[in-house]
Undergrad: 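The following block contains the structure, expressed as structure tokens.
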Amino acid sequence: VEVYREMGGLAVKGASRSALLSRLMEFALKAVDAEGGALYSLDMDGALILEAVKGKNGIKNKALAELSAKSGKARINATGAKTAHTGQGPARGDSEANMLAVPLLREKNGISGVITASRTARRGPFNDADLKVLTSLANHLNIIIERAELISSLDGRIKQLSTLNEVGALLISSLDHNVVRHRAMEAITRLMRAETGSLLLLDRESKELYFEVALGEKGKRLKEVRLGVGEGIAGWVAVHGKPVIIHDVSKDPRFQGSVDRKSKFRTKNMVCVPVVIKGQVIGVLQAINRIGGVFTTEDLRLFQLFSNQAAIALDNARLYEEIKDAFYATSSALAEAIEKRDPYTGGHTKRVLAYCMAIARHLRMPEEEMEVLRLSAVLHDIGKIGVEDKVLRKEAPFDAAEAASMRMHPQFGAEILKHIPHLRDIMPGMLHHHERVDGLGYPAGLKDEEIPLTARIISVADTYDAMTTTRPYRK
């Protein structure tokens, strides 16, 4: 009873499988006064896999364990004896060790393994009572193992769902294509417990798959590799739109060894799923080389859930890029339309933008700040739409009134953009790009560090372009 109680408490203590099985073995061997023994599990092919062993003679009785596994019956024997039987009393012999082997039976799955026990002749042979005790303990041990596996499975599922939730939040935390794709692959390798992973996207014009993201030290080499649609395992998945698990890629005729030769990486097994948006395959996700085993159908199900999340994130990023590109194109068109009113400033906006980006790169500005600067530079002269044509087109120096009118264009621009909340960040650069470090600029007379950085950059670019192009006020 004490042994049963102690054994029952192990399943809920969160011990690892190996630690749990080792402790259970100690209890079982103690109950039958054995000096050694082993615990085996049964794989899908019916072969015995050693899970735990105790004592120097623990694995000497594997033959008896195999016999017990095949017959599904308990076995008691003495090494060197001529018979092996089931529950009919011990076989007598003069050998050095006596042995027991009891199958682990599960109601739904049949035999799941075998537990064995052995002891030397000096302790006396095993008897029917020992066999009954070990058989009873084996049944109890089976229940404990099943309970522990269930707890472990539930814990694993909770961790998987938690990770999947974190991945979902991660994927929507940025709309930058490159960031989303790289984060997606980093997350999937962690989620799938894989050595590495890759994202291949479909080039519809060339009908080829290319490695958009390939993690690991060898990943950079894969950037040069392209696979024809239908070529390799990834190509097959892209054509058929079906996920696959490959336990041994060397035995799969679809596997392309050329990719491994290029990257100098050895692919052993993989799970590969299509990335589908609105019914169309846009790419393929791969998790490669499962750490500590091979991929399972549960891994495949989880990978498909991730693929669905990645597809949504990629589509959102694509839509964002399209909207952003359309907005930049519209802004540039508006700036060019304004320039058409002034024959002396043709191409001015494009040049100022190019100078600003060169300065930003030299300063190593963060990408987000560069985006603000880029749009500020494009729209820095939008306020000229409020300046009369006679001033813009004048082919002589401005008088005081005309100069004052021209100096109003930053404020006119701010008046226009203040009605667009999403452009609030670009207003400082546009409004203050005619300020001067000595405080003699306009419209606010700011100086030194009071002038926003974007405005200072645009001011330098704008001034340089003015000095290197023809302007009417110099005549």
Side-chain angles (χ1 to χ4, degrees), residues 169-183 313 316-339 345 348-387 406-437 439 441-466:
L170 183 67
L171 288 174
I172 62 174
S173 64
S174 174
L175 290 173
D176 182 276
H177 260 298
N178 295 325
V179 172
V180 167
R181 290 166 183 168
H182 197 79
R183 285 181 177 177
N316 286 343
R318 178 187 62 81
L319 290 173
Y320 173 76
E321 289 293 329
E322 289 180 358
I323 292 171
K324 186 173 74 172
D325 290 345
F327 180 73
Y328 278 130
T330 302
S331 300
S332 296
L334 179 59
E336 288 181 14
I338 294 170
E339 285 186 354
T345 58
H348 169 70
T349 298
K350 290 183 178 179
R351 293 191 298 271
V352 169
L353 175 59
Y355 301 149
C356 285
M357 292 299 98
I359 294 170
R361 286 190 293 271
H362 180 74
L363 295 177
R364 297 182 180 180
M365 289 182 70
E367 184 59 34
E368 290 184 2
E369 292 181 20
M370 286 186 70
E371 286 295 311
V372 172
L373 176 61
R374 181 178 289 111
L375 197 52
S376 298
V378 169
L379 296 175
H380 77 281
D381 275 342
I382 191 176
K384 286 184 177 179
I385 199 171
V387 179
M406 180 63 80
R407 289 178 179 177
M408 288 297 296
H409 79 269
Q411 290 170 278
F412 290 155
E415 285 294 320
I416 293 170
L417 295 186
K418 75 176 183 180
H419 301 293
I420 308 175
H422 297 298
L423 298 182
R424 186 179 296 110
D425 290 342
I426 76 166
M427 286 182 63
M430 182 206 61
L431 179 60
H432 298 294
H433 73 277
H434 279 294
E435 304 287 358
R436 286 172 40 171
V437 293
Y442 60 89
L446 302 180
K447 62 180 180 179
D448 296 327
E449 298 297 322
E450 295 174 346
I451 306 171
L453 178 59
T454 53
R456 280 180 272 159
I457 293 174
I458 295 172
S459 177
V460 170
D462 192 36
T463 302
Y464 178 77
D465 188 63

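Hydrogens, waters and symmetry mates are skipped; everything else that's a heavy atom, side chains included, is used.
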Undergrad: Looking at Glu368, I want to see if its CD is surrounded by more than 12 non-hydrogen atoms of other residues, nucleotides or ligands under 6.0 Å.
TA: no
Undergrad: When the ring centroid of His434 is compared with that of His380, is the distance short of 6.0 Å?
TA: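 No, the ring centres sit 6.0 Å or more apart.
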Undergrad: So do the side chains of Met430 and Leu423 get within less than 4.5 Å of each other, counting heavy atoms only?
TA: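 The answer is no, as the side chains (C-beta and beyond) never meet within the 4.5 Å cut-off.
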Undergrad: For the residue pair Ile359 and Val460, what are the closest heavy atoms and their distance?
TA: CD1-CG1, 4.2 Å
Undergrad: Charged N to carboxylate O below 4.0 Å: is that the case for Glu371 and Arg374?
TA: yes
Undergrad: Please name the pair of heavy atoms, one in Thr463 and one in Ser459, separated by the smallest distance, quoted to 0.1 Å.
TA: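 Heavy atoms only, the tightest pair is OG1-O, 2.7 Å.
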Undergrad: Determine whether Met427 and Ser376 make a side-chain contact, defined as any pair of heavy atoms from C-beta on separated by less than 4.5 Å.
TA: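 Heavy-atom side-chain distance check fails, nothing below 4.5 Å.
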Undergrad: Which atom names give the shortest non-hydrogen contact between Cys356 and Leu373, and what distance separates them?
TA: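 Heavy atoms of Cys356 and Leu373 come nearest at O-CD2, 3.7 Å.
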Undergrad: Which pairs would a plain distance check flag for residues 413-421, meaning a side-chain donor or acceptor within less than 3.5 Å of a matching protein atom at least two apart in sequence or in another chain?
TA:
unit_1	atom_1	unit_2	atom_2	d
Glu415	OE1	Lys418	NZ	3.1
His419	NE2	Glu415	O	3.4

Undergrad: Do you know the tightest heavy-atom contact between Thr454 and Gly429?
TA: OG1-CA, 3.4 Å
Undergrad: Would you name the heavy atoms of Glu435 and Leu446 that are closest together and state the gap between them?
TA: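 Nearest heavy atoms, Glu435 then Leu446: OE1-N, 3.0 Å.
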Undergrad: Could you report the tightest heavy-atom contact between Asp465 and His348, atom names first, then the distance?
TA: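 Looking at all heavy atoms of both residues, the shortest contact is OD2-ND1, 2.5 Å.
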Undergrad: Answer yes or no: are there more than 12 heavy-atom neighbours, outside Tyr464 itself, under 6.0 Å from its atom OH?
TA: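 Counting other residues, nucleotides and ligands, OH of Tyr464 stays at 12 neighbours or fewer.
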